[in-house]
Structure formats: structure tokens, C-alpha cells
Amino acid sequence: MNEYEEIFLCKTPQRTSMLSGAQFVRDMIEGHPQTCYELFRMDKETFMNLCDHLKRHENLQDTRFVTVEEAVAMFLLIVGHNVRMRVTVARHFKEVRRALCRLGKILICPNNMTNEVSSYVASNPKYFPWFKDCIGAIDGTHISAWVPADRQTSFRGRKTVITQNVMCACNFDMMFTFVYAGWEGTANDARVFLDALTRPEVNFPWPSEGKYYVVDSGYPCISGFLPPYRGERYHLQEYRGRHNQPIRYKELFNYRHSSLRNIIERCFGVLKTRFPILRMMPCYKPSRQPSIVVACCTLHNWIRLSTRNDQLFREYEVEDLSIEGEEESTSSRNHSIDLSDESAATMATCRDQIVEVMWANYINVNP
């Protein structure tokens with residue numbers, strides 16, 4: 001009986017702070033830096049700069065009872081801790097989400113479409129000069145979704161979880177350059193990819209002539225997109241250990257290709273770790289859930305631009321870091337789309353030329 005009373009009758013108050021709303025936000029900003037980071041998923045200066053930018057450029061204004069800082073804090077607490085909200089909070093959540101999506105049109109875009117070689121590639125002999133024309137990586141990832149029961153079949157992935165397939169591109173600075181959300185979890189990567197390429201309103205950032213993205217084997221081999229060789233080992237975990245090193249030229253190419261493409265998997269790792277809402281989506285309208293993904297990707301880029309020493313980015317900057325759940329392709333091999341045309345032959349020739357020189361160099365260095 002004493003234990004029952006202690007648990008259910010003599011409850012100890014947990015949230016005893018006398019502060020609320022704007023005062024609480026001010027207290028967090030003026031308090032310990034780590035507390036602010038844990039609550040808002042960014043440091044104080046980054047948070048204040050974000051609020052200031054949304055005020056000046058995205059038409060987000062104080063209301064009679066809620067300041068912009070408080071509204072942004074509400075949004076960050078929801079996406080960063082996956083807490084539920086009341087109707088009043090939902091209104092401000094919607095306004096901040098829309099403002100972030102408008103900001104995303106500026107932040108989620110290629111920032112280097114010139115002929116310059118990425119410093120990330122140029123500084124690593126594993127990638128240079130073999131991938132000197134690569135401008136980034138593309139992959140799909142499963143983001144949690146909520147849909148009504150009559151629509152769940154098409155959103156239920158291989159692990160029986162309700163998800164949406166989100167296609168993203170990133171550069172080698174771990175910033176998203178393209179986000180295409182909303183497809184059902186059962187959708188094949190190649191299907192989402194081709195839909196993004198063929199819809200003008202999506203504004204896919206096509207690489208300039210001679211440049212390309214690295215993609216996995218679930219994507220078609222066409223001009224501007226370099227996949228690995230099929231039928232050979234590919235994922236980094238398959239090359240772990242002394243006795244699992246590449247022994248053929250195609251395996252060497254696949255290993256280095258996978259290592260380079262690992263940048264997009266690490267981006268997904270940072271994104272999902274920072275914003276747990278992407279792992280367990282609340283019951284928002286399906287039409288609004290893609291914009292939540294875009295808003296989170298916008299925040300990801302804002303933090304990367306504003307705070308080069310961010311804690312989470314430091315954790316995921318380790319080269320060849322294995323991200324749980326991300327090395328598993330969102331593609332279905334049985335439904336891969338094969339586009340046999342002149343551009344595919346050109347890209348395959350480009351791949352063969354790269355691997356020929358790469359293998360020759362590897363043999364000379366490792367006789």
C-alpha cells in the first residue's frame with residue numbers, strides 16, 4: 001500500500017518552474033549553453049540569428065501573446081523532442097513550418113555548380129583524382145509517416161513500419177541541396193528519382209556537363225549519375241577487416257564509391273538524431289508531413305552554415321561512419337528501372353575509364 005501511495009497518490013511535482021512562454025525562452029537563452037542546445041538542438045547564437053532572419057526575411061511576426069522567439073522555440077521542442085501540442089501551439093507550429101519552408105527555397109540548393117573540385121574530394125587520395133567531377137551524393141531514406149488505416153498498405157515498408165520515401169541530394173559539406181518528400185514507403189528509389197527528374201516544378205538541380213552525383217545501384221545509370229557496379233560487394237561493412245579488402249578492380253571502385261557516397265548517409269544520421277519527430281511522426285495530415293521534413297532539412301542546413309563546430313556534426317564527420325539503417329537501400333532490386341540509351345552508355349564508359357586508372361594506381365602502390 002505504501003508503494004502504491006508513493007507512486008499514484010503522493011506524486012511529486014516535476015515541472016515546477018515559475019517561468020512560461022517568452023520568459024522561459026529568455027531564461028534558456030541567458031542560461032547554461034548546454035541546456036539551450038539540448039532543448040532547441042542548436043546553440044544560443046544560432047537560435048537568435050534564426051529568429052532574427054525569420055522576422056526580417058520570412059515575414060514571421062510577433063503576435064499579441066507570442067513572440068517569434070517563443071514560436072520558434074515551440075517548433076524546435078516539437079521536432080527536436082517529438083512532444084505533442086495543443087491547438088494554440090499548433091497554429092504557431094504551422095506558421096514557423098511555413099516560414100522555414102520558404103527559407104528552405106534559399107538554403108536547400110547547390111552552392112557550388114562551378115568547375116571547381118570539392119575540397120573534400122581534392123584533399124583525399126582515396127577520391128582524387130578519380131572522383132574530381134563529383135558534386136555530391138543522392139539517396140533515399142525512410143522517414144516515419146502517419147496515414148489513415150485505409151492508406152497504410154502503400155506506406156508500409158519492409159520492416160512493417162509506416163514510412164515515406166524521401167529522396168535527398170547533398171554536397172560534401174554535409175548540406176542538403178535537394179529534398180523530395182512525400183512518396184509512399186513502398187515506392188522504389190528509381191521511381192521517386194525519375195519522378196523528381198521529370199517534374200519541372202520540382203526544380204531538380206541537374207549537374208553541369210561533365211559533372212555527376214554518386215548514387216547507389218538502385219538508380220539508373222544515366223548521364224550525370226554514377227552508380228556502382230552491380231553484382232559486386234558494395235556496402236562499407238562488407239570491406240571491414242584485413243581479409244575483406246578489395247581484390248578486383250570492380251570491388252575497388254565499389255568500395256571507394258561507397259565511401260564517397262557515405263556522406264549522404266551521415267547527413268541522414270545527423271538529421272534523424274537531431275529531430276526525433278522524423279523517426280516517429282505524430283498524426284498530422286499526410287499532406288503536411290512532407291513540409292515538416294523540408295523544414296527539418298532547412299534547420300539542418302542553417303545550423304551547418306551558422307555553427308561549424310556543432311556537436312552533432314562533429315560526431316558524424318568521421319569518414320566511412322556506418323549509420324544504422326541507412327546502408328540498407330530503400331530500393332527493391334526486383335523493380336529497378338533499366339534505361340538503356342546513349343546517356344547510359346556514356347556514363348558506363350566514364351565509370352570504366354575511372355576504374356581502369358584507379359586499379360592501375362592501386363596495383364602500383366600495393367604490388
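Please read these numbers as outputs of a predicted model, since none were measured by experiment.
- Ring centroids of Phe93 and Phe75 are separated by less than 6.0 Å, placing the two rings close together.
- To the nearest 0.5 Å, atoms CZ (Phe24) and CD1 (Ile29) are separated by 10.0 Å.
- Residue Ile106 shares its hydrophobic cluster (ILVMFWY side chains chained together at separations under 4.5 Å) with no other residue.
- Contact of the Tyr229 side chain with the Arg351 side chain is registered, since non-hydrogen atoms from C-beta on lie closer than 4.5 Å.
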I would like to know whether Arg261 and Tyr234 meet side chain to side chain donor-acceptor pair (under 3.5 Å); could you show each step before the answer?
CA-CA 11 Å; Arg261 199 185 63 84; Tyr234 181 66; 2.8 Å; yes
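- Alongside Ile247, the hydrophobic cluster contains no other residue (criterion: ILVMFWY side chains under 4.5 Å).
- Note: Glu232 CD to Asn254 CG = 6.5 Å, rounded to the nearest 0.5 Å.
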Verdict with reasoning, Gln34 to Gln311, per side chain to side chain donor-acceptor pair (under 3.5 Å):
CA-CA 10 Å; Gln34 187 61 28; Gln311 297 177 25; 3.0 Å; yes
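- Because its NZ or CZ atom is both nearer than 6.0 Å to the ring centre of Phe313 and within 45° of the ring axis, Arg304 counts as a cation-pi partner of that residue.
- Relative orientation of the Tyr180 and Phe178 rings is tilted, given thresholds of 30° and 60° on the angle between their planes.
- Between the Arg233 side chain and the Asn244 main chain, a donor and an acceptor come within less than 3.5 Å of each other.
- A donor-acceptor pair is defined here as one N or O able to donate and one able to accept, closer than 3.5 Å; no such pair exists between the side chain of Asp43 and the backbone of Tyr37.
- The line from SG of Cys36 to CG of Leu76 is 9.0 Å long, rounded to the nearest 0.5 Å.
- In this structure a side-chain-to-backbone donor-acceptor pair under 3.5 Å is present from His81 to Leu39.
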For Leu107 and Phe176: C-alpha separation, side-chain torsions, deciding distance, then whether side-chain contact (heavy atoms from CB on, under 4.5 Å) applies.
CA-CA 8 Å; Leu107 293 186; Phe176 292 109; over 6 Å; no
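- Side-chain contact between Asn309 and Arg314 is present, with heavy atoms from C-beta onward closer than 4.5 Å.
- Here the side chains of Val179 and Thr298 are not in contact, with every heavy-atom distance at 4.5 Å or above.
- Atom CD of Gln23 sits about 10.0 Å away from atom CD of Glu70, to the nearest 0.5 Å.
- Residues passing the side-chain hydrogen bond (donor to acceptor under 3.5 Å, both in side chains) test with Glu45: none are found, sequence neighbours excluded.
- Residues Ile222 and Met347 share a closest heavy-atom pair of O-CG, 3.4 Å.
- At a threshold of 4.0 Å, the pair Asp173-Arg308 counts as salt-bridged, since one of the basic side-chain nitrogens sits closer than that to a carboxylate oxygen.
- Side-chain contact check for Lys272 versus Ile143: some heavy-atom pair is nearer than 4.5 Å.
- Ser223 is linked by a side-chain hydrogen bond (donor to acceptor under 3.5 Å, both in side chains) to nothing, counting only residues two or more places apart in sequence or in another chain.
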Evaluate the criterion side chain to side chain donor-acceptor pair (under 3.5 Å) for residue pair Ser217 and Arg230; output intermediate values, then yes/no.
CA-CA 6 Å; Ser217 58; Arg230 294 184 179 182; 5.0 Å; no
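- In this pair, Trp359 and Tyr249 present their aromatic rings perpendicular. The plane angle is above 60°, beyond the 30 to 60° band.
- By the 4.5 Å heavy-atom criterion applied to side chains, Leu278 and Val293 are counted as neighbours.
- Taking CG of Leu54 as the reference point, atom CD of Glu95 lies at 12.0 Å (rounded to 0.5 Å).
- Shortest non-hydrogen contact noted between Tyr213 and Ala169 is CE2-CB, 4.2 Å.
- Partner of Val68 under the side chain to side chain contact (heavy atoms under 4.5 Å, CB included) criterion, chosen from Val96, Thr63, Leu60: Leu60.
- Residue Val214 forms a side chain to side chain contact (heavy atoms under 4.5 Å, CB included) with just one option from Ile135, Ile138, Asn262, Leu260, and that option is Leu260.
- Counted within 6.0 Å of CD on Glu356, heavy atoms from surrounding residues, nucleotides or ligands total 12 or fewer; the atom is thus considered open.
- Judged as a side chain to side chain contact (heavy atoms under 4.5 Å, CB included), and not counting sequence neighbours, the contacts of Lys132 are Val117, Phe128, Pro129.
- The aromatic rings of Phe131 and Tyr127 sit perpendicular, their planes meeting at an angle over 60°, well past the 30° parallel limit.
- Side chains of Arg191 and Asn165 form no contact here, defined as non-hydrogen atoms less than 4.5 Å apart.
- Enclosure of atom NZ in Lys105 is not indicated, since only 12 or fewer non-hydrogen atoms of other residues, nucleotides or ligands lie within 6.0 angstrom.
- Here Asp139 contributes atom CG and Ile264 contributes atom CD1; the two are 6.5 Å apart, rounded to the nearest 0.5 Å.
- Partners of Lys55 under the salt bridge (charged side-chain N to carboxylate O under 4.0 Å, His left out) rule, at least two apart in sequence or in another chain, are Glu69.
- No donor-acceptor pair under 3.5 Å is formed between the side chain of Ser259 and the backbone N or O of Tyr255.
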